[in-house]
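Please read these numbers as outputs of a predicted model, since none were measured by experiment. Throughout, numbering of the chain's residues begins at 1 and tracks the sequence.
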Amino acid sequence: MSIRMALDDTRTRPPLADRLLGMAAFLTAIVLLRCLPLRATLAAARAAKRLARRPATTAEAERALTARTWAATFFPGRAACLEMSLAAFLTAAAFGRAVDWCIGCRFRPCESHAWIEAAGRPVGEPALPDRPFRVTVRI
């Protein structure tokens, strides 16, 4: 899924600290996913999650998504769900909050997807109860 994401005009810009953390996390996600093997990226994500001390609430996870989305608007290349979800995961970790980074798939139609979860529920994802994704990797 490579959907160009942009902030709605109705939303305000995130605070400066959130924008800086979102930009750093987004660039880190791009470098990890494009320059290293997936096992190294997963190891880095596990290390980042260990540093995040407190589980994130849904509102805190949405804050990380907003910062990540703001940073992604300046990226000239392709940023799909894997890059976007890892950036949101790293942003939440930089805030000191732990979310789950999930990579999964579904069949009929066959699709793969990546997302973050807080309190056991996907954050910022459309609800598709008739065709749920099955988690294959959860960090």
Side-chain angles (χ1 to χ4, degrees):
M1 299 190 148
S2 60
I3 300 171
R4 187 80 169 155
M5 300 188 130
L7 286 175
D8 295 338
D9 289 359
T10 58
R11 289 194 211 172
T12 60
R13 283 193 319 183
L16 179 61
D18 291 8
R19 287 182 286 176
L20 293 175
L21 287 176
M23 185 65 74
F26 185 79
L27 293 175
T28 302
I30 294 294
V31 169
L32 285 171
L33 290 168
R34 298 198 180 172
C35 298
L36 298 175
L38 185 59
R39 70 179 178 275
T41 302
L42 295 175
R46 286 185 190 99
K49 186 155 186 180
R50 279 193 296 274
L51 295 175
R53 298 281 183 205
R54 202 176 123 232
T57 64
T58 302
E60 291 168 336
E62 288 174 356
R63 177 182 170 203
L65 286 175
T66 301
R68 177 266 344 244
T69 303
W70 179 86
T73 59
F74 298 101
F75 185 62
R78 176 184 175 271
C81 61
L82 190 62
E83 293 90 353
M84 299 294 273
S85 62
L86 180 57
F89 174 84
L90 293 173
T91 302
F95 290 151
R97 304 295 182 252
V99 296
D100 290 338
W101 182 39
C102 301
I103 302 171
C105 63
R106 68 175 167 206
F107 302 100
R108 295 190 186 130
C110 187
E111 293 180 276
S112 61
H113 189 51
W115 65 95
I116 63 167
E117 291 183 354
R121 304 195 59 146
V123 179
E125 296 291 321
L128 297 170
D130 60 331
R131 301 181 312 130
F133 283 99
R134 305 289 180 216
V135 176
T136 55
V137 175
R138 181 189 305 271
I139 295 178

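- Side-chain contact check for Val99 versus Val123: every heavy-atom pair is 4.5 Å or farther apart.
- Heavy-atom minimum distance, Ala56 versus Arg97: CB-CB, 3.6 Å.
- More than 12 heavy atoms of other shown residues, nucleotides or ligands fall within 6.0 angstrom of atom CZ in Arg34.
- Around the CZ atom of Arg39, the shell of radius 6.0 Å holds no more than 12 heavy atoms that belong to other residues, nucleotides or ligands.
- The shortest heavy-atom contact between Ala24 and Thr28 is O-OG1, 2.7 Å.
- A heavy-atom distance below 4.5 Å is found between the side chains of Phe74 and Met23.
- If you take CZ on Arg131 and CZ on Arg108, they are separated by 12.5 Å, rounding to the nearest 0.5 Å.
- Side-chain contact between Trp70 and Asp18 is absent, with no heavy atoms from C-beta onward closer than 4.5 Å.
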Practice problem: Dump the intermediate steps for side chain to side chain contact (heavy atoms under 4.5 Å, CB included) on Met84 and Phe26, then the final yes or no. | Solution: CA-CA 7 Å; Met84 299 294 273; Phe26 185 79; 3.7 Å; yes
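- Rounded to the nearest 0.5 angstrom, Ile139 CD1 and Arg50 CZ are separated by 10.0 Å.
- The main-chain N or O of Glu111 is never found under 3.5 Å from a side-chain atom of Arg106 such that the two would form a donor-acceptor pair.
- Residues Ala88 and Ile116 share a closest heavy-atom pair of CB-CD1, 4.0 Å.
- Arg68 contributes no side-chain N or O that, together with a main-chain N or O of Ala87, makes up a donor-acceptor pair within less than 3.5 Å.
- No path of Ile, Leu, Val, Met, Phe, Trp and Tyr side chains, each step under 4.5 Å between heavy atoms, connects Leu27 with Val31, placing them in separate hydrophobic clusters.
- A 4.5 Å side-chain heavy-atom check between Leu90 and Leu32 finds at least one atom pair inside the cut-off.
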Practice problem: Dump the intermediate steps for side chain to side chain contact (heavy atoms under 4.5 Å, CB included) on Thr41 and Leu86, then the final yes or no. | Solution: CA-CA 9 Å; Thr41 302; Leu86 180 57; 3.7 Å; yes
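- The backbone N or O of Ile103 sits less than 3.5 Å from a side-chain atom of Thr136, completing a donor-acceptor pair.
- No continuous path of hydrophobic side-chain contacts links Leu20 to Phe75 [ILVMFWY only; heavy atoms under 4.5 Å].
- Contact between Ile30 and Glu83 at its shortest, heavy atoms only, is CD1-CG, 3.7 Å.
- Taking all atoms of both residues into account, the shortest heavy-atom contact from Phe133 to Ser112 is CE2-C, 4.2 Å.
- Side-chain contact between Ser85 and His113 is absent, with no heavy atoms from C-beta onward closer than 4.5 Å.
- Counting heavy atoms from C-beta on, the side chains of Arg63 and Phe95 come closer than 4.5 Å.
- By the 4.5 Å heavy-atom criterion applied to side chains, Val137 and Trp101 are not counted as neighbours.
- Counting all heavy atoms, side chain and backbone alike, Arg138 lies closest to Cys102 at NH1-SG, 3.4 Å.
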